[in-house]
Asks: 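Take a look at the following structure, please.
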Protein chains: 2
Amino acid sequence: MRRSTLEEVAALAGVSKMTASRALRGSSDVAEETRRRVQQAAERLSYVGNRLALSLSSQRTNLVAVVVPSMSNTVFPEVLSGITTGLAGTGMQAVFGISDYDEVKEREIIRDMLSWQPSAIIVTGLDQPHDTVRMLKSAGIPVIQVMDLDGTPIDFNVGLSHGDAGRDMAVALLAAGRKKIAYVGSALDKDLRAGKRKAAFQRVLAAQSLSFVSEQLDDGFSSIALGKRLTAHMLAAKPEIDCIYYSNDDMAAGGLFACMEAGIIVPSQIVLAGFNGLDLTDSLPAPIATSKSPRRAMGEAAARLITDAMKDGEKSSGEAGPKTIVFKPPITGLKQGWT
Amino acid sequence: MRRSTLEEVAALAGVSKMTASRALRGSSDVAEETRRRVQQAAERLSYVGNRLALSLSSQRTNLVAVVVPSMSNTVFPEVLSGITTGLAGTGMQAVFGISDYDEVKEREIIRDMLSWQPSAIIVTGLDQPHDTVRMLKSAGIPVIQVMDLDGTPIDFNVGLSHGDAGRDMAVALLAAGRKKIAYVGSALDKDLRAGKRKAAFQRVLAAQSLSFVSEQLDDGFSSIALGKRLTAHMLAAKPEIDCIYYSNDDMAAGGLFACMEAGIIVPSQIVLAGFNGLDLTDSLPAPIATSKSPRRAMGEAAARLITDAMKDGEKSSGEAGPKTIVFKPPITGLKQGWT
DNA sequence: CGTGATAACGGTACCGGTATCGATAACATG
DNA sequence: CATGTTATCGATACCGGTACCGTTATCACG
C-alpha cells in the first residue's frame, strides 16, 4: 500500500495538481465547490502530504534542531519540553539529537541535523570545538546556545553563569558558618558546566585560604545511587566534614539518603548542596541546598528567541531583540542562622 | 551567507554534479584523484548536503518517528534514550513528538510525523482512537506500539501488561499480610496505563471481598510533591491504613517522605508500592515496593524490531521475527516475612 | 459591443539531490 | 588493426510538492 500523492488526489477530484495544492492549503482563489471535492478526495485517500517535497520546494522547513548531551538526566528533557511548548502554535517543530557528552558525536549529530536544513538550531553550552563552531556559523541560520553563559557565544545565548552559581553557593555556605567543606562529583571531564561550578567554588574557598577537605570523584554518570555510595564512603573516612558540595542534585539527594542511613542529621550536623533545583528537592525529608535553574523557562526563552528572529527575518529590518538572555538561579534550602 | 549546494561543490572541483555526488558518497567508480578534489572542494565550502533532496530523490528517509505523551516524567526520556541507542549505527534516526496525553494533539503530531515520510513509527500505548489507527495503518510503514500490551496491536507491539502488573502487586501485598490498603493516584483519565493497573489491583481485592479503604485522586500530573501532599492528607484522616498503592513511583516516593515526616515507619507500619522501578527506588532511605519496568530495554527492543523489519523488507521474504515482545516487570522492595 | 477586471484554474520551471543509462577514452587481446 | 573490456565521468529523468506566470471564461461598464 503506497502512500498517495497530491497528483492522485487531484486526479480523483478531477482537477490539476496545482489546484489541489491550493485547495488543501486554503488559498483564496479556488471555488468553494472545488475545494470540497479536493478535500473529500484527500480524505478518501487518507492523503498526508510530503513535507520533504514541500520543504524542498518552498525552501523552508520550519524545523528547529536541538542537540542535548543526554536524556537520562531529567534536566534536558525539561529543557526540550520548554522548547516544544514555546514553539507550539508557531508552525515550527523541534527535532532532538543526543550527543552523549561526546564532542565527536556532537559534531556528527549537528552535521546530521543541519543536513535537514533546519530554520534554527539550539545546542547545549558554549564549549564546542572550532570545527563545530565553523559548521554552525556557515549554516546561515540562527544558532542558540543554551544552559551556559560562561564563554563566547556564536550568535544567541540563553542560560545562566555556572561560575556565578558555584561562587554564590560557596559564599552562601561559608556565610552559614561551614568550614570543613568536601566535594562529591562525577563525570567532570564530560559535564563541563559542573566543572565550572566546582572551579568557581574553589576560588572562593582559596580566597579564604580554605580548600576542600576531601574530594570524591567518579567517572560514572551522576545518579542518586552514585551520590549515596560516594557519600557513604566519604563520611566513613572523614566524619568531621560539616558540608558537602555536589556536582548536582541527583548526587546530593543520594548524599542525603546516605546521611540518613548513617544517622547523621541534615542540615544541623552536615549541610548538603547541589545544583539544578530538581522538583525532588522540595519534597525531601531534610533540606538540601540547591541553585534553582529554570530549565523549562530557558527552553521557552530559546524558542521565543527563534520565533522573534524569524519575524525579523521576514521584515529583514535587522537589529532585533537581545542576543543574550540571562537567568539567575536563586539558592534554596539554605536558611540563614544555622551554626 | 547561503548554504552551498552540491552543484557548487562540483563546479569548484571541476566535475559534474553526478560525479561529485558519487565522490562524496564513496562510490567505487570515481578516480582517487577526483575524489580528493571533490572532498577538498566540499571542505572548503563546508558543504553539508541536503537530506530533503536526498530523501525525496532516493525515496527513503531512514527516519523513525516516535510519539510519547510526556517529557516531564523520566520514564519516556529513558525509552527514547533506549530507542536512539538501539538505532545507533544503523543509519536510522529517531524524531520525537510529544502529545501531552491528549488524543487530539496526538493525532496531529502523528500526522505531522507521517508527513516526513518516516521509515517506521513508534507510538505509546494501544488505545489510539479509530481515525488515528486508520492513519497509522494507511501509512504503509511498520508501526510499533510500546509500553503497553493490553489491547489489540496494529502491527508490532513491545511492552508489558499493566493489568498483570497491578494484579501481581495486589497479590504480593496481600501475601505480605496487608489488609487495609489505600490508593493514591493522579491524572488517571490521562494516564490510561495507570488506570489499568489500578483496575486490575481492585479486581484482586474484590476477589477477597476487599476494597480500597481510602482513595486520594488528583487531576494534576504525578510528582513527588503531589504524592507527598496527598499521602499526608490521607494519613491524617485514616491512620489505620497499613498499605498504599500509588499510580507510580514518583507518587510513592513522595508518600515515603510524607511518612518520614509524620514519624510513621516504612515498611513495618505501612507498606508503600508504586510502579516503574525508577533508579530512585534503589536508594531511598526506606524500601518502597515497585514493578521494575525495563524502559531502556523496551526502547531498544522497539529499535531492533524496526531494523529487523527493514532488513526483511529488503529481502522481501516476509514472515519475519515476532510481532510482539513481552516484558515481565519483577517486583522489588517487597521482602517476604513482614507482618 | 469592445474593453478591462476578476475569478478560477492549468502549465512549466524549479528545489537539490540520486538512479539509470550512455558516452568516452585507454588499454588489452587475438 | 578491429574488437571487447574496464574505468571514469556526464546527461537526463525523475522524487512530490510550490512559485510564478499565463490562460480562459464571465461579467460589469462606458
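Residue numbers start from 1 in every chain, and the chains themselves are labelled A, B, ... in the order their sequence lines are given, proteins ahead of strands.
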Asks: Base of dG10(C), side chain of Lys17(A) - is there a donor-acceptor contact under 3.5 Å?
Replies: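 Side chain to base: no pair present.
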
Asks: Is any side-chain nitrogen or oxygen of Tyr47(A) closer than 4.0 Å to OP1 or OP2 of dG17(D)?
Replies: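 So the side chain of Tyr47(A) is within the cut-off, an N or O lying under 4.0 Å from OP1 or OP2 of dG17(D).
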
Asks: Is the ring pair Trp116(B)/Trp116(A) parallel, tilted or perpendicular, if the boundaries are 30 and 60 degrees?
Replies: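 Rings of Trp116(B) and Trp116(A): perpendicular, as their planes differ by over 60°.
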
Asks: Any residue in residues 49-60 of chain B with a heavy atom nearer than 4.0 angstrom to DNA chain D? Just list them by number, or reply none.
Replies: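 Within this stretch, Leu56(B), Ser57(B), Gln59(B) sit under 4.0 Å of the strand.
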
Asks: Side chains of Phe156(A) and Val143(A), heavy atoms from C-beta outward: is any pair under 4.5 Å?
Replies: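 A side-chain contact is absent here, since even the closest heavy-atom pair is not under 4.5 Å.
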
Asks: Along nucleotides 20-26 of chain C, 5' to 3', which nucleotides get a B, which get an S, and which get a -, given that the test is a protein heavy-atom distance under 4.0 Å?
Replies: B------

Asks: Give a yes or no answer on whether the side chain of Thr74(A) reaches the backbone of Thr74(B) with a donor-acceptor pair at less than 3.5 Å.
Replies: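 A pair under 3.5 Å: no.
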
Asks: For Gly82(B), does its backbone N or O pair with a side-chain atom of Thr85(B) as donor and acceptor, under 3.5 Å?
Replies: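 Checked: pair present.
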
Asks: What is the distance, to the nearest angstrom, from the CG atom on Asp29(A) to the P atom on dT23(D)?
Replies: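 After rounding, the gap between these two atoms is 17 Å.
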
Asks: Let me know the distance between CZ of Arg35(A) and P of dA8(C), rounded to the nearest Å.
Replies: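 In whole Å, dA8(C) P and Arg35(A) CZ are 10 Å from each other.
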
Asks: Are Lys105(B) and Asp100(B) close enough for a salt bridge, meaning some N to O gap below 4.0 Å?
Replies: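 Salt bridge flag = yes for Asp100(B) with Lys105(B).
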
Asks: Does Ser16(A) put a side-chain nitrogen or oxygen below 4.0 Å from OP1 or OP2 of dC9(C)?
Replies: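 No, because none of the side-chain N or O atoms of Ser16(A) sits under 4.0 Å from OP1 or OP2 of dC9(C).
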
Asks: Mind calculating the distance between CG (Leu6(B)) and P (dA19(C)) to the nearest angstrom?
Replies: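 Whole-Å distance recorded here is 13 Å.
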
Asks: Taking side-chain hydrogen bond (donor to acceptor under 3.5 Å, both in side chains) as the criterion, tell me which of Asp102(A), Thr132(A), Asp131(A) meets it with Arg107(A).
Replies: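 Of Asp102(A), Thr132(A), Asp131(A), side-chain hydrogen bond (donor to acceptor under 3.5 Å, both in side chains) with Arg107(A) is met by Asp131(A) alone.
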
Asks: Does Thr84(B) reach the side chain of Leu80(B), with side-chain heavy atoms less than 4.5 Å apart?
Replies: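 No, too far: nothing below the 4.5 Å cut-off.
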
Asks: Go through the steps to decide whether Met71(B) and Glu78(A) satisfy the test side-chain contact (heavy atoms from CB on, under 4.5 Å), and finish with yes or no.
Replies: CA-CA 7 Å; Met71(B) 214 74 156; Glu78(A) 287 185 69; over 6 Å; no

Asks: Both Gln117(B) and Glu32(B) contact DNA chain D. Taking the nearest nucleotide for each, which residue is further toward the 5' end?
Replies: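 Closest to the 5' end, via its nearest nucleotide, is Glu32(B).
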
Asks: Respond yes when some side-chain nitrogen or oxygen of Arg3(A) is under 4.0 Å from OP1 or OP2 of dG17(D), and no when none is.
Replies: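 Negative; the distance criterion is not met.
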
Asks: Can you tell whether the side chains of Glu33(B) and Arg37(B) come within less than 4.0 Å, N to carboxylate O?
Replies: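 Salt bridge between Glu33(B) and Arg37(B), a charged N being under 4.0 Å from a carboxylate O: yes.
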
